[in-house]
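In each ligand, atom 1 is the first atom listed, and ligand 1 is the first ligand listed.
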Amino acid sequence: MESARTGDVVVAGSRRITGEQLLQRASALARALADQGIEPGKTVAYLHGNSAESVIARLAVQSLGACYVGLRPFFSTGEKLKFLLEGQPELFVFDPDQRDEAASLCSRAGISHALSIGDCDFGENVLDLAEEKPDAPLECSDRDGDISMVTFSSGSTGEPKGIAHTFASASGFLDNARHMYGPGPWRFLVAIPLSDLGGEIVQWTLAGGGTAVLVDDFHAGEVAAILGRERITHFFGSPSMVHALVHDPGLQDAELPDLRLVAYGGAPSSPSRIADAVAALGPVLMHNYGMQEAGFISFLDRTDHVRTERYLLNSVGRPLPGVEIAIRNAEGRELPAGSIGEVCLRSPTIMAGYWRRPDLTSQVLRAGWFHTGDLGRTDDEGYLYLVDRVKDIIIVDAYNVYPQQVEQVLTAHPGVAQAVVVGLPDPDTGESVYAAVVPSVPVPAGRTAEFTAELTAAVRETLGSVHQPTRVDLLSSMPLTPRGKPDKAAIRGQAAGAAGALRS
Ligand code: AMP
């Protein structure tokens, strides 16, 4: 933070916290946590939602030079238990509204001492302990090489893993955010979990003297209303959030003169939908490509979104300063521009490693290069295009099918809200293409076959018959991972178990 200020810096529902209050509360809380033995090198696991207290508590932990481990409520209790047993944090804290799960975790993990951030009938209320502490600003004791935070991967390609970053990479994140999102102060609407990227965004916003407006769960109507009411300048969402927002009736007549940036990323997006979003919101769209292990990698700027070459909307943009990208084949040889291979990179913001799992770290971090598991290519101007995840390629009769290309054709159909394509085992062709589709409006039972036939025909005409799904199922909602990404494992499982009544 640049200085204690009298304006609101955190807004959560009806709660508004000024810069001065934030600094005072974080400083007093840090002193109370220091009394519990928290210091550089120690780890605090914290179970919380998008609460104002979590902003204060995370600042308190990190200002002591200790490591914050964000336990996102949406992970299963079993997964959180595994993180706690593997990670052995020195302290466990929780928001009072997470009380029941906190109690269950403590009993199963054998944690005898837990602190609640507020009044609760379980654990000790650490805010009471902080009341007695001086609230003068603390001198931060972080050291560049120490671990500052652990977040968790989505588990879309296997079990979720803890990802550890140092204080040095956290300051690299801030440099990148400033480079992409422009100078502060921002009024940033944060509707993604504070236990990972959302929490980072809050800290970058505070560091620039801005205001973070917190929303616990994304609902397009609510977010559309807050954009105008809170004079929001910046918003970050997944492509599906941006799509829902653009189509929300609340946004149609909204005047949003303050909105400067709507960043999207984290999952593949549909170029036709992004073009719609630019038409609706103006030249404020920015595409971010990154992963928790590597931080931000590249971005497609606002000006790129309004260039006449519309194919650029297929791109995840150009690398951030300091990020070096190499496209490599399976043998590790670097490929020229235009060739498809694995995206590998060197960057100041690459993780220190998977949390207490050096065995997993050495699989992805080799000779200073991080192997993303994403397939991509670059063009002559240095724009990067992602083709798919290496593990998601479907091989049909020895032909490579990239599910993302099929998904793009499907989502360009006006009747499709969401589409996810995976490979299923096939006795004749090795694998076959399967599409799970959530229609934008319910399809009457009598029209299902006609609708799915329209979709498969669109794929055949655009990409050729190898890409054509041999089966399309219509779902009422897409199975998601705890981080809100399509859960491909669950989709495959459902497909294998389904009766196939909706086969195209
Ligand atoms: P996570 O670390 O859970 O955010 O997942 C990172 C993965 O999400 C990346 O390796 C990509 O496969 C995918 N991803 C992230 N950003 C984008 C993007 N802008 N476009 C397509 N895929 C993305």
Show which atoms of ligand 1 fall inside a sub-4.0 Å distance from at least one heavy-atom site of [X].
X    : value
L386 : 20 (N), 21 (C), 22 (N)
M291 : 2 (O), 6 (C), 10 (O)
H287 : 18 (C), 19 (N), 20 (N)
Q292 : 2 (O), 3 (O)

Could a heavy atom of Q404 be found less than 4.0 Å from some atom of ligand 1? no
Identify which of G295, A267, S238, P239 has a heavy atom lying nearest to atom 22 (N) of ligand 1. A267
N400: side-chain contact (heavy atoms from CB on, under 4.5 Å) partners, not counting sequence neighbours: I393, I395, Y402
Rounded distance (nearest 0.5 Å) linking atom CD1 of I117 with atom CD of Q98: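 Atom-to-atom, I117:CD1 and Q98:CD are 12.0 Å apart.
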Going from CG on L365 to OH on Y354, what distance comes out if it is rounded to the nearest 0.5 angstrom?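 It comes to 8.5 Å.
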Taking all non-hydrogen atoms of both residues into account, name the closest pair between M180 and N288 and its distance.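 In terms of heavy atoms, the two residues are closest at SD-ND2, 3.5 Å.
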Would you check the N or O atoms of N288, main chain and side chain alike, for any that come under 3.5 Å of an N or O of ligand 1?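 Yes; the residue has a nitrogen or oxygen that sits under 3.5 Å from a nitrogen or oxygen of the ligand.
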Under 3.5 Å between some N or O of ligand 1 and some N or O of T372?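 N/O-N/O distance under 3.5 Å: no.
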So does E200 pair up with R58, basic N to acidic O under 4.0 Å?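 The answer is yes: the pair qualifies as a salt bridge.
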Is the number of heavy atoms from other residues, nucleotides or ligands within 6.0 Å of CG (D217) greater than 12?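 Result for CG/D217: enclosed.
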